[in-house]
Amino acid sequence: MKIPQSFYLGTDVVAISKALLGKYLFTSINGIISGGYIVEAEAYNGAVDKASHAYDNRRTPRTEVMFREGGIAYVYLCYGIHEMLNIVTSTEGHAQAILIRAIHPTDGIDLIMERRKMEKLKSNITAGPGSVAKALGIDRRLNGHSLESDVLWLEDRGLNFRDEQIAAVPRIGVDYAGEDALLPYRFYVKGDPYVSKPNK
DNA sequence: TCGTCGATCTACT
DNA sequence: GTAGATCGACGAG
């Protein structure tokens with residue numbers, strides 16, 4: 001069943017990030033469904049987080065969707081090449097978001113391989129935020145889009161991980177954020193082959 | 001207006 | 001291991 005909007009309205013983005021592990025993420029593009037369950041996510045805590053695009057409540061055309069009410073997608077372009085999917089959380093005016101860094105694919109594998117131009121299923125097919133977006137056909141057209149729609153949505157299928165199966169470590173690629181770069185805001189499922197590279 | 005750098009990935013040496 | 005792709009936000013001039 002689809003996850004209701006109330007799930008995204010919580011104000012503790014770090015706790016929600018952890019809770020997202022094991023939730024299923026799907027897209028239906030041109031009538032074909034693809035997706036899988038989330039195995040890696042990072043929290044970005046809005047105004048007080050130097051690593052966030054919305055640090056100090058910085059509003060630009062790009063960050064505007066993060067200030068909206070939770071339950072929508074924030075998709076932006078990084079390095080001029082890669083689209084990144086984020087889940088916007090919290091209430092209106094609070095720019096919190098969760099970067100989806102890796103999923104464990106379960107549905108539409110053929111389509112995912114086609115989008116990624118891979119002949120065989122390798123574990124890096126949906127490892128890393130740019131890879132996830134490409135694999136599921138997500139791009140900036142979905143920016144600001146509801147997560148309860150028929151194109152993009154999350155489901156709870158009762159898959160849960162125990163605390164000892166989940167690692168909490170510093171985020172990737174945010175060295176510019178000073179002391180905030182050290183916060184343990186990256187969560188992943190230990191041992192899952194689809195977790196992105198830096199995975200000890 | 002220009003130059004720099006970024007929540008990255010791939011291909012090639 | 002490192003270069004190249006190449007857009008949006010930012011700060012300097």
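Chain A is the first sequence line, chain B the second, and so forth, proteins listed ahead of strands; every chain is numbered from 1.
- Figure legend: cation-pi geometry between A/Arg171 and A/Tyr44, with NZ or CZ positioned under 6.0 Å from the six-membered ring centre and within 45° of its axis.
- Under the 4.0 Å criterion applied to side-chain N and carboxylate O atoms, A/Lys50 and A/Glu179 are assigned as salt-bridge partners.
- In this structure, A/Arg157 forms no cation-pi arrangement with A/Tyr37, as its terminal cationic atom is not both closer than 6.0 Å to the ring centre and no more than 45° off the ring axis.
- Listed by residue number, A/Leu77, A/Tyr79, A/Gly80, A/Ile81 are the residues of residues 73-84 of chain A with a heavy-atom contact under 4.0 Å to DNA chain C.
- Between A/Arg186 atom CZ and B/dT8 atom P the separation is 10 Å, expressed in whole Å.
- Within the 4.0 angstrom heavy-atom criterion, only backbone atoms of the sugar-phosphate kind lie near A/Ala127; the bases stay farther away.
- Atom C1' of nucleotide B/dA11 and atom CE of A/Met118 are separated by 13 Å, given to the nearest angstrom.
- Ion pairing of A/Arg101 with A/Glu42 is present here, as a side-chain N (NZ or NE/NH1/NH2) and a carboxylate O approach within less than 4.0 Å.
- The line from CG of A/Leu85 to CG of A/Leu142 is 8.5 Å long, rounded to the nearest 0.5 Å.
- Spacing between atom NZ of A/Lys117 and atom C1' of B/dT10 amounts to 13 Å, rounded to whole angstrom units.
- In this structure, A/Arg116 reaches the sugar-phosphate backbone alone: every heavy-atom distance under 4.0 Å involves primed, P, OP1 or OP2 atoms, never a base.
- In this structure, the CD atom of A/Glu42 is 12 Å from the C1' atom of B/dT8, given to the nearest Å.
- B/dC9 atom P lies 13 Å from atom CG of A/Leu85, rounded to whole Å.
- Test A/Arg115, A/Lys134, A/Arg140 against A/Glu83 for salt bridge (Lys or Arg N to Asp or Glu O under 4.0 Å) and you get one pass: A/Arg140.
- Atom CG of A/Asp56 and atom P of C/dG11 are 11 Å apart (whole Å).
- A/Glu119 places its CD atom 15 Å from the P atom of B/dT10, with the value rounded to the nearest Å.
- Distance CG (A/Asn143) to C1' (C/dG8): 13 Å, rounded to an integer number of Å.
- Look at B/dC5: its Watson-Crick or wobble partner, with both distances under 3.5 angstrom, is C/dG8.
- For A/Arg116 (side chain) and A/Asn124 (main-chain N/O), a donor-acceptor pair under 3.5 Å exists by modelled atom type.
- Atom C1' of C/dG8 sits at a distance of 22 Å from the matching atom of B/dT10, rounded to the whole Å.
- At a threshold of 4.0 angstrom between heavy atoms, the contacts of A/Arg62 are confined to the sugar-phosphate backbone, with no base atom among them.
- Within the 4.0 Å cut-off from OP1 or OP2 of C/dC7, not a single side-chain nitrogen or oxygen of A/Arg140 is found.
- Nucleic acid contact for A/Thr63: none, since no nucleic acid atom lies under 4.0 Å from a heavy atom of the residue.
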